*Asks:* 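Got a structure here, written out as structure tokens. Questions coming.
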Amino acid sequence: MNIPQLTTQDGLVLPAVGFGTYKLNGALGVNAITSALAAGYRLLDTAYNYENEGAVGAALRQSPIDRSQIVVSSKLPGRYHHYQAALQAIQESLYRAGLDYYDLYLIHWPDPHQDLYVEAWQALITAQQLGLVKSIGVSNFLPEHIDRLIAETGVSPVVNQIELHPYFSQLKQRQYDQEHQIITWAWSPIGRASSLLQDPVIKGIAAEVHRSPSQVILRWETQLQVLPIPKSSHFQRQVENLQLFDFELSPAQMQTITNLDRPNGRLQNQDPAVYEEF
């Protein structure tokens, strides 16, 4: 399967679509992740707080695909934003997964009321210098948070993983990321509920291009130069979610989907300006 690639500002090559592992835990999680690798995914996204870094590592060991061919990212939880705690958490992340390095490590949420995300970022910079991680980025960071990271450390994140789907298309954040050479990843790219897949506008476009609603949504994101990380436990859907690059949405279809954006489009009202995750 020929999947286009994106390259971060520090040279890390990423497939244009990845695989999310949230709630894929234990033996069933290992099976789903192994299945995703067999389907053709080469980017796996996990997090300390998903409590499945071990399942991701087990799937990597069970897969015949060489570790060097797979990009693995994980994320630092809010309770470990102090510098030394962050460094230890990153090491524990690696021990849990049984990996020598992560390709990417992100701060999961800025938790701005704690005001420790710059300290956490300094720990990620150190982890990169130590070879524990190849590249570093952020998740759910707003422009003002990223501005501060750059101003205080001189180091820019290479990716920003954010909630993004047709009901919440994040135009300003996407523009900011692009201006700063930060690749935008989309979590919950097709929403966590099925309402998006039943949306009549999405279904109408899906009928026009002879594709599934999920393929239309994911294609919309890739054409926006966003990297979606859909999750599915079912092999056929995993394969379907990768089959995005042999068709194209027209500018009119793209705009029609973008017009579905809602001011309150977040799935669970998780505004990074106030939301905190530990």
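In what follows, every heavy atom counts, from backbone to side chain, and hydrogens, waters and symmetry copies are set aside. Values in this document were obtained by computation on a predicted structure and should not be read as measured data.
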*Asks:* Run I229 and L227 through side chain to side chain contact (heavy atoms under 4.5 Å, CB included) and show every step you take.
*Replies:* CA-CA 7 Å; I229 43 172; L227 195 161; 4.0 Å; yes

*Asks:* Please report the closest heavy-atom contact between P15 and L43, naming both atoms and the distance.
*Replies:* CG-CB, 3.6 Å

*Asks:* Just wondering, do V17 and N241 contact through their side chains at under 4.5 Å, heavy atoms?
*Replies:* no

*Asks:* Answer yes or no: are there more than 12 heavy-atom neighbours, outside E276 itself, under 6.0 Å from its atom CD?
*Replies:* yes

*Asks:* Quick one: does any side-chain atom of Q9 pair with a main-chain N or O of Q181 as donor and acceptor, under 3.5 Å?
*Replies:* yes

*Asks:* Do other residues, nucleotides or ligands put more than 12 heavy atoms under 6.0 Å from D66 CG?
*Replies:* yes

*Asks:* Give a yes or no on whether I257 and L197 share a hydrophobic cluster (residues Ile, Leu, Val, Met, Phe, Trp, Tyr; joining criterion: side-chain heavy atoms under 4.5 Å apart).
*Replies:* yes

*Asks:* Out of L87, L106, N49, L124, which residue meets the side chain to side chain contact (heavy atoms under 4.5 Å, CB included) rule with L76?
*Replies:* L124

*Asks:* Closest heavy-atom contact between N160 and N140?
*Replies:* OD1-N, 3.5 Å

*Asks:* Give me the atom names and distance for the closest heavy-atom approach of Q173 to L142.
*Replies:* OE1-CA, 3.5 Å

*Asks:* Rounded at 0.5 Å granularity, tell me how far CG in L44 sits from CG in L104.
*Replies:* 12.0 Å

*Asks:* Can you get from F278 to I107 by hopping between Ile, Leu, Val, Met, Phe, Trp and Tyr side chains that sit under 4.5 Å apart?
*Replies:* no

*Asks:* Mark yes or no for whether W121, through its side chain, and V155, through its backbone, hold a donor-acceptor pair below 3.5 Å.
*Replies:* yes

*Asks:* I need the T34 OG1 to Q62 CD distance, nearest 0.5 Å.
*Replies:* 4.5 Å

*Asks:* For the side chain of R96 and the backbone of E51, is there at least one donor-acceptor N/O pair under 3.5 Å apart?
*Replies:* no

*Asks:* Heavy atoms, side chains only, cut-off 4.5 Å: are N2 and F245 in contact?
*Replies:* no

*Asks:* If you measure from CD on Q69 to OG on S63, what distance do you get to the nearest 0.5 Å?
*Replies:* 10.5 Å

*Asks:* Answer yes when R42 and D103 have at least one side-chain N-carboxylate O distance shorter than 4.0 Å, and no when they do not.
*Replies:* no

*Asks:* Go through L224 and R174 one step at a time and tell me if the side chain to side chain contact (heavy atoms under 4.5 Å, CB included) criterion holds.
*Replies:* CA-CA 9 Å; L224 290 176; R174 282 190 286 114; 3.8 Å; yes

*Asks:* Could you go through V274 and H113, starting from their C-alpha distance and side-chain angles, then the distance that decides it, and tell me whether this counts as side chain to side chain contact (heavy atoms under 4.5 Å, CB included)?
*Replies:* CA-CA 7 Å; V274 292; H113 295 312; 4.3 Å; yes

*Asks:* Using side chain to side chain donor-acceptor pair (under 3.5 Å), reason through N25 and Y50 one step at a time and then give a plain yes or no.
*Replies:* CA-CA 8 Å; N25 299 70; Y50 297 173; over 6 Å; no

*Asks:* If a pair satisfies salt bridge (charged side-chain N to carboxylate O under 4.0 Å, His left out) and one of its residues is in residues 77-92, list it, with sequence neighbours excluded.
*Replies:* none

*Asks:* Per the side chain to side chain contact (heavy atoms under 4.5 Å, CB included) rule, which among E248, R219, Q223 passes with M254?
*Replies:* Q223

*Asks:* With the side chain counted from C-beta on, respond yes when W220 and I205 share a heavy-atom pair under 4.5 Å apart, and no when they do not.
*Replies:* no

*Asks:* Apply the test side chain to side chain donor-acceptor pair (under 3.5 Å) to residues E163 and S188: give CA-CA distance (whole Å), side-chain angles for both, the deciding distance (0.1 Å), then the verdict.
*Replies:* CA-CA 6 Å; E163 178 178 356; S188 286; over 6 Å; no

*Asks:* Would you say I33 ends up clustered with L14 if hydrophobic residues are merged whenever their side chains have heavy atoms under 4.5 Å apart, either directly or through other cluster members?
*Replies:* no

*Asks:* Which atoms form the tightest heavy-atom contact between D111 and Y275, and what is the distance?
*Replies:* OD1-O, 4.0 Å

*Asks:* Flag yes if L37 and I3 sit in one hydrophobic cluster, no otherwise; membership is Ile, Leu, Val, Met, Phe, Trp, Tyr, and two members link when side-chain heavy atoms are under 4.5 Å apart.
*Replies:* yes

*Asks:* Just jot down the ring pair (Phe, Tyr, Trp, His ring centres under 6.0 Å) partners of Y176, sequence neighbours excluded, or say none.
*Replies:* H180

*Asks:* With a 4.5 Å cut-off on side-chain heavy atoms, are S214 and R237 touching?
*Replies:* no

*Asks:* So does Q253 get a backbone contact from the side chain of S250, meaning a donor-acceptor N/O pair under 3.5 Å?
*Replies:* yes

*Asks:* Assess the residue pair V133 and Y101 against the criterion (side chain to side chain contact (heavy atoms under 4.5 Å, CB included)); give the C-alpha distance rounded to whole Å, side-chain angles, the decisive distance to 0.1 Å, and a yes or no.
*Replies:* CA-CA 5 Å; V133 299; Y101 66 91; over 6 Å; no

*Asks:* Run D177 and K172 through salt bridge (charged side-chain N to carboxylate O under 4.0 Å, His left out) and show every step you take.
*Replies:* CA-CA 9 Å; D177 290 350; K172 287 184 178 177; over 6 Å; no

*Asks:* Go through the steps to decide whether S73 and Y105 satisfy the test side chain to side chain donor-acceptor pair (under 3.5 Å), and finish with yes or no.
*Replies:* CA-CA 5 Å; S73 72; Y105 209 85; over 6 Å; no

*Asks:* For the pair K75 and D45, evaluate salt bridge (charged side-chain N to carboxylate O under 4.0 Å, His left out) and give the outcome as yes or no after the intermediate values.
*Replies:* CA-CA 9 Å; K75 309 182 198 74; D45 179 69; 2.8 Å; yes

*Asks:* Given the ring of Y117, does R148 sit roughly above its face, with NZ or CZ under 6.0 Å from the centre of the six-membered ring and within 45° of the axis?
*Replies:* yes

*Asks:* Check for a donor-acceptor pair, side chain of Q5 on one end and backbone N or O of V13 on the other, with a separation under 3.5 Å.
*Replies:* no

*Asks:* At their closest point, which heavy atom of A55 faces which heavy atom of G26, and how far apart are they?
*Replies:* CB-O, 4.2 Å

*Asks:* Taking the side chain as everything from C-beta on, heavy atoms only, tell me whether S233 gets closer than 4.5 Å to L24.
*Replies:* yes

*Asks:* Give the C-alpha distance, both sets of side-chain angles, the deciding distance and a yes or no for side chain to side chain donor-acceptor pair (under 3.5 Å) between Q238 and S232.
*Replies:* CA-CA 6 Å; Q238 291 172 348; S232 176; 5.4 Å; no

*Asks:* Would you call T256 and T258 a side-chain contact if the rule is heavy atoms closer than 4.5 Å?
*Replies:* no

*Asks:* Spell out, yes or no, whether F168 and V216 are grouped together once hydrophobic residues are joined by side-chain heavy atoms under 4.5 Å, including indirect joins.
*Replies:* no

*Asks:* Can you give me the closest heavy-atom contact between S135 and V158, atom names plus distance?
*Replies:* CB-CG2, 4.0 Å

